[in-house]
**Student:** 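Quick one: the structure is below, and I'll ask about it shortly.
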Amino acid sequence: MKWSETLIPTLKEDPSEAEVSSHKLMVRAGMIRKLLSGAYSYLPLGTRVLNKVMAIVREEMNRAGAVEVYLPVLQPVELLEESGRVDVFGQDLIRFQDRHGRLMALGPTHEEVITYLVRNEINSYKQLPITFYQIQVKFRDEARPRFGVLRSKEFLMKDAYSFDVDEEGLSRSYEKMYHAYCRIFQRCGLDYIPVEADTGVMGGEVSHEFMVPSEIGEDYLVRCKGCSYSVNRERAEPAPLPPERDGQSALGGVQAVSTPKVTTIAQVSSFLGVTPKNMVKTLIYKAGGEAVAVLIRGDHEVNEARLARVLGQGVSLADAETIFNLTGAPVGFTGPVGLPIRVIADQAVSVLQNCVTGANKADTHLINVNPGRDFQINNVYNIRYVTQGDRCPRCGEELIISHGIEVGHVFKLGTKYSEAFNARFLDPQGRLRPILMGCYGIGINRIIAALIECSHDEGGIIWPPNIAPYKALVLPLNVKDKTAFQTALKVHDELEGAGIDTLLDDRDQRPGVKFKDADLIGIPFRVVLGRRFEEAGEVEVQCRQGGEKSFVTSQGVVAEIKRLLEKFRGLSHG
RNA sequence: CGGGGCGUGGCGCAGCUUGGCUUAGCGCGCUUGCUUGGGGUGCAAGAGGUCAGCGGUUCAAAUCCGCUCGCCCCGACCA
């Protein structure tokens with residue numbers, strides 16, 4: 001392809017709206033342009049990368065035995081009502097009425113649609129197992145689209161759904177997808193980490209997220225320095241903390257102190273001169289109809305997903321009025337002493353001594369409060385988020401917390417949707433049984449953004465050959481030099497002929513402009529025809545990554561690039 | 001959805017505080033001609049703007065006031 005015959009509008013300056021490098025670079029390299037907040041047009045270069053990623057995904061899905069389908073974007077809202085997910089998606093669901101007044105939604109995902117299909121089409125064990133997949137656009141009306149293509153309202157997703165007769169079958173299907181995902185991310189050149197994950201909105205029991213470590217990631221991953229423990233933040237469970245001191249000798253007597261208008265942990269901490277580690281936050285949650293007190297150390301945060309899990313139901317923070325009615329004090333002065341409701345404590349609270357709590361009285365806190373002596377704990381659980389310094393629950397080594405970009409997620413759903421939709425099959429004994437489901441998602445756009453986030457330098461993007469928009473860029477420095485230009489054309493054609501997709505920069509621009517653009521759009525291998533070609537008939541082949549250069553004759557370019565591709569493949573990104 | 005910021009040719013910005021010396025300016029990009037040819041060449045001539053929209057104040061509004069819309073950031077939210 002000639003540069004002059006496609007559209008690659010590169011920019012010298014960063015777009016003002018972009019914050020993160022992947023977003024800046026995708027815009028500057030002429031890959032994308034914003035249409036509206038959370039929706040981007042892909043220009044030719046961006047589209048080529050999308051297609052390359054999708055081709056890899058298709059190959060690996062097919063290799064894993066999944067079969068491709070194409071489900072409608074348009075979904076009747078009733079379908080999502082059947083599974084109870086209209087409320088789950090809430091505002092994120094894009095809804096409207098068609099001309100007949102029927103409520104429609106733009107698919108945020110497709111569990112319902114596929115299960116509806118399967119309920120009607122699959123009714124025998126002979127048709128199982130089977131895994132369907134599609135690559136298709138999804139819509140979620142994100143409250144706050146961010147980071148360009150990383151979190152948008154409209155995005156491409158590869159979603160797959162497996163259907164099995166029993167748990168073992170489901171596990172086999174799950175494993176297959178898991179391994180296919182590993183191959184996909186590896187082929188895309190991503191350094192990814194699979195982590196155990198919470199199942200969240202999807203329901204089900206087992207789940208893994210595929211994370212790409214990155215400062216800008218909106219998710220957290222928790223890994224152990226010593227063993228293979230790696231989980232996401234919701235799922236992470238710190239090792240229990242040891243008791244602060246032993247014996248009862250050091251226990252002081254409870255004392256009320258006046259703390260006028262001092263409500264937050266930070267304020268109380270500096271007002272009383274105590275560390276947040278020695279304070280207890282008392283949060284009133286509503287779980288079902290019941291109010292419960294949840295105790296958490298001052299420097300910790302409640303993991304609501306875990307709390308909901310241990311309580312077996314959804315939870316939400318109580319409002320100020322409820323708190324006042326229960327405790328007799330405004331928000332900010334709640335404490336466990338004398339509270340007439342169920343008290344749940346995080347493990348870290350249960351080992352505290354002489355701590356500070358609210359007094360259930362306005363403008364007052366209590367000091368020297370001790371669990372067990374001054375108040376009873378009904379249940380002790382691990383309900384806090386892991387913090388820096390926490391230890392691994394498996395081996396006791398230190399845990400590392402870092403940010404990550406979620407590029408894929410796999411779930412064992414079990415029978416959640418098949419039961420909701422009555423998707424059942426007849427087993428060999430003629431019994432009707434629910435189908436076991438798994439679902440598996442990959443964010444196509446996110447793969448691209450995550451890759452750029454991890455693979456760029458000051459000059460621009462550094463593509464791995466597998467997903468680069470073109471593998472090679474032929475760069476005649478002076479297009480008015482007829483011989484050089486003709487040779488460049490020939491080299492381009494030969495590369496294309498050898499199956500190496502190639503871009504020819506045929507623009508009448510200064511060398512500096514061409515080099516800068518070449519670096520920006522990040523094509524892995526660059527073939528330069530310049531002074532050296534005029535003088536000695538040699539062309540220069542250079543790698544974007546590492547900058548390694550070699551000089552060959554124009555006839556030797558194809559072989560040289562094939563050699564470099566081989567070498568690259570051998571290195572890491574098979 | 002709460003808090004903050006911004007909106008001026010395709011892109012990045014100045015001008016707004018203190019309304020009128022602006023026929024709205026600068027850099028990049030774009031067009032034409034010449035020049036140059038290994039890291040964003042130089043010169044010259046040009047094209048391109050309802051100053052987000054609506055309403056108000058005023059002799060006079062990009063500039064002051066109000067409303068609306070859009071965009072970005074922080075938070076809440078989020079396969």
Side-chain angles (χ1 to χ4, degrees), chain A residues 7 9-20 23-24 27-28 30 33-39 85 88-93 107-111 138 140-148 150-153 155 157-161 195 197-204 207-211 217-219 232-234 304-305 316-317 405-413 416-417 438-443 446 458-460 475-481 484-485 505 507-520 526 528-535 539-540 542 547 549:
Chain A
L7 179 66
T10 57
L11 262 30
K12 283 188 185 174
E13 285 168 297
D14 285 336
S16 59
E17 82 246 12
E19 282 279 306
V20 300
H23 186 194
K24 290 177 184 169
V27 175
R28 283 191 53 209
R33 289 292 184 265
K34 184 171 70 191
L35 176 64
L36 51 87
S37 178
R85 287 213 296 179
V88 173
F89 283 108
Q91 292 277 93
D92 282 5
L93 188 66
T109 170
H110 282 76
E111 278 77 17
K138 307 284 186 221
R140 290 182 197 178
D141 194 358
E142 289 283 349
R144 191 177 160 203
R146 226 185 302 201
F147 301 150
L150 264 180
R151 198 211 280 210
S152 49
K153 295 191 177 190
F155 55 97
M157 181 179 205
K158 187 288 301 174
D159 45 325
Y161 308 92
V195 301
D198 206 71
T199 46
V201 200
M202 303 300 301
S207 155
H208 287 86
E209 284 173 349
F210 291 80
M211 302 280 240
E218 298 185 78
D219 295 286
N232 78 359
R233 191 175 180 231
E234 277 62 44
E304 291 190 0
S316 61
L317 277 171
I405 299 168
E406 180 189 350
V407 289
H409 204 155
V410 293
F411 297 86
K412 280 189 190 177
L413 292 173
K416 171 173 168 157
Y417 294 90
C439 76
Y440 317 90
I442 288 182
R446 272 191 183 179
E458 275 154 29
L475 223 146
L477 290 188
N478 181 359
V479 295
K480 285 178 179 152
D481 177 337
F485 190 68
D505 189 350
R507 296 173 302 167
D508 184 8
Q509 289 286 358
R510 300 268 313 177
V513 175
K514 295 191 175 200
F515 284 132
K516 288 287 184 195
D517 275 349
D519 290 344
L520 218 207
R526 180 160 93 187
V528 182
L529 293 87
R531 191 169 288 150
R532 186 116 170 193
F533 179 75
E534 283 175 44
E535 289 164 0
V539 304
E540 174 190 320
Q542 186 174 11
K549 274 184 198 175

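Just the heavy atoms: all of them, side chains too, but no hydrogens, waters or symmetry mates, feed the values below. Note on naming: letters A, B, ... go to the chains in the order of the sequence lines (proteins, then strands), and numbering restarts at 1 for each one.
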**Student:** Using a cutoff of under 3.5 Å, can you pull out all pairs of nitrogen or oxygen atoms linking the protein to nucleotides 68-71 of chain B, with atom names and distances?
**Tutor:**
{"from": "B:C71", "atom 1": "OP1", "to": "A:Ser37", "atom 2": "N", "distance (Å)": "2.8"}
{"from": "B:C71", "atom 1": "O3'", "to": "A:Lys34", "atom 2": "NZ", "distance (Å)": "2.9"}

**Student:** Do NZ/NE/NH1/NH2 and the carboxylate oxygens of A:Glu111 and A:Lys416 come within less than 4.0 Å?
**Tutor:** no

**Student:** Does B:G40 have a Watson-Crick or wobble partner in any strand here, with both distances under 3.5 angstrom, and which is it?
**Tutor:** none

**Student:** If every non-hydrogen atom of A:Asp92 is compared with every non-hydrogen atom of A:Ala143, which pair is closest and at what distance?
**Tutor:** OD1-N, 4.3 Å

**Student:** It should be established whether A:Lys12 places a side-chain nitrogen or oxygen under 4.0 Å from OP1 or OP2 of nucleotide B:G12.
**Tutor:** no

**Student:** What's the gap between B:G53 and B:A45 when it is taken at their P atoms, as a whole Å value?
**Tutor:** 32 Å

**Student:** How would you label the contact of A:Asp519 with the nucleic acid (heavy atoms, under 4.0 Å): base, sugar-phosphate, or nothing?
**Tutor:** base

**Student:** Could you tell me whether A:Arg28 contacts a base, only the sugar-phosphate backbone, or nothing, with contacts defined as non-hydrogen atoms closer than 4.0 Å?
**Tutor:** base

**Student:** So which atom in A:Arg140 and which in A:Pro108 form the shortest heavy-atom distance, rounded to 0.1 Å?
**Tutor:** NH2-O, 2.7 Å

**Student:** Has A:Arg446 got a side-chain atom pairing as donor or acceptor with A:Glu406's backbone, closer than 3.5 angstrom?
**Tutor:** yes

**Student:** Who does B:G66 pair with, Watson-Crick or G-U, both distances under 3.5 Å?
**Tutor:** B:C54

**Student:** Please examine the side chains of A:Lys516 and A:Thr10, heavy atoms only from C-beta on, and report whether any two atoms are closer than 4.5 Å.
**Tutor:** no

**Student:** Check A:Arg532 with A:Glu540, please: is the shortest side-chain N to carboxylate O separation under 4.0 Å?
**Tutor:** no

**Student:** Let me know the distance between CG of A:Asp517 and C1' of B:G29, rounded to the nearest Å.
**Tutor:** 12 Å

**Student:** Can you tell me if CD on A:Gln91 sees more than 12 non-hydrogen neighbours from other groups inside 6.0 Å?
**Tutor:** no

**Student:** Side chains of A:Asp517 and A:Arg507: does their closest heavy-atom pair fall under 4.5 Å?
**Tutor:** yes

**Student:** Name the pairing partner of B:C71, where a pair is Watson-Crick or G-U wobble with both distances under 3.5 Å, or state none.
**Tutor:** B:G5

**Student:** Using the 3.5 Å cut-off, write out each protein N or O paired with an N or O of nucleotides 35-37 of chain B and the distance between them.
**Tutor:**
{"from": "B:U36", "atom 1": "O2'", "to": "A:Arg510", "atom 2": "NH1", "distance (Å)": "2.6"}
{"from": "B:U36", "atom 1": "O2", "to": "A:Arg510", "atom 2": "NH1", "distance (Å)": "3.0"}
{"from": "B:U36", "atom 1": "O4", "to": "A:Lys480", "atom 2": "NZ", "distance (Å)": "3.2"}
{"from": "B:G37", "atom 1": "O4'", "to": "A:Arg510", "atom 2": "NH1", "distance (Å)": "3.4"}
{"from": "B:G37", "atom 1": "O6", "to": "A:Lys480", "atom 2": "NZ", "distance (Å)": "2.9"}
{"from": "B:G37", "atom 1": "N1", "to": "A:Asp508", "atom 2": "OD1", "distance (Å)": "3.2"}
{"from": "B:G37", "atom 1": "N2", "to": "A:Asp508", "atom 2": "OD1", "distance (Å)": "3.3"}
{"from": "B:G37", "atom 1": "N2", "to": "A:Gln509", "atom 2": "O", "distance (Å)": "2.8"}

**Student:** When the P atoms of B:G10 and B:A52 are considered, how many whole Å apart are they?
**Tutor:** 13 Å

**Student:** If you assign each of A:Gln91 and A:Val528 to its closest nucleotide in RNA chain B, which residue comes earlier from the 5' end?
**Tutor:** A:Gln91

**Student:** Salt bridge between A:Asp219 and A:Arg233, side-chain N to carboxylate O under 4.0 Å?
**Tutor:** no

**Student:** If I pick the C1' atom on B:G9 and the same atom on B:G48, what distance separates them, to the nearest angstrom?
**Tutor:** 6 Å

**Student:** Using a 4.0 Å heavy-atom cut-off across all strands, classify A:Asp14 as base, sugar-phosphate, or nothing.
**Tutor:** sugar-phosphate

**Student:** Any side-chain N or O of A:Ser16 under 4.0 Å from OP1/OP2 of B:C13?
**Tutor:** yes

**Student:** So that I can tick it off, tell me whether A:Asp481 and A:Arg531 are bridged by a salt bridge, with the cut-off set at under 4.0 angstrom between side-chain N and carboxylate O.
**Tutor:** no

**Student:** Using the P atom as the reference point in each nucleotide, state the distance between B:G27 and B:U41 in Å, no decimals.
**Tutor:** 16 Å

**Student:** Quick one: which of B:U41, B:C11, B:C73 gets closest to the side chain of A:Val513?
**Tutor:** B:U41

**Student:** For A:Arg144, check salt bridge (charged side-chain N to carboxylate O under 4.0 Å, His left out) against everything at least two apart and list the hits.
**Tutor:** none

**Student:** My understanding is that a pair needs two contacts under 3.5 Å, Watson-Crick or G-U wobble. By that rule, which nucleotide pairs with B:G48?
**Tutor:** none

**Student:** Would you mind reading off the distance between A:Lys516 atom NZ and B:G39 atom P, rounded to a whole angstrom?
**Tutor:** 10 Å

**Student:** For A:Arg233, which contact category applies under a 4.0 Å heavy-atom criterion: base, sugar-phosphate, or nothing?
**Tutor:** nothing

**Student:** Could you check which nucleotide pairs with B:C16 in any of the strands shown, counting Watson-Crick or G-U wobble with both distances under 3.5 Å?
**Tutor:** none

**Student:** Taking a pair as Watson-Crick or G-U wobble with both distances under 3.5 Å, which nucleotide is matched to B:A61?
**Tutor:** none

**Student:** Quick one: label A:Glu218 by what it contacts on the DNA or RNA (base, sugar-phosphate, nothing), any heavy atom closer than 4.0 Å.
**Tutor:** nothing

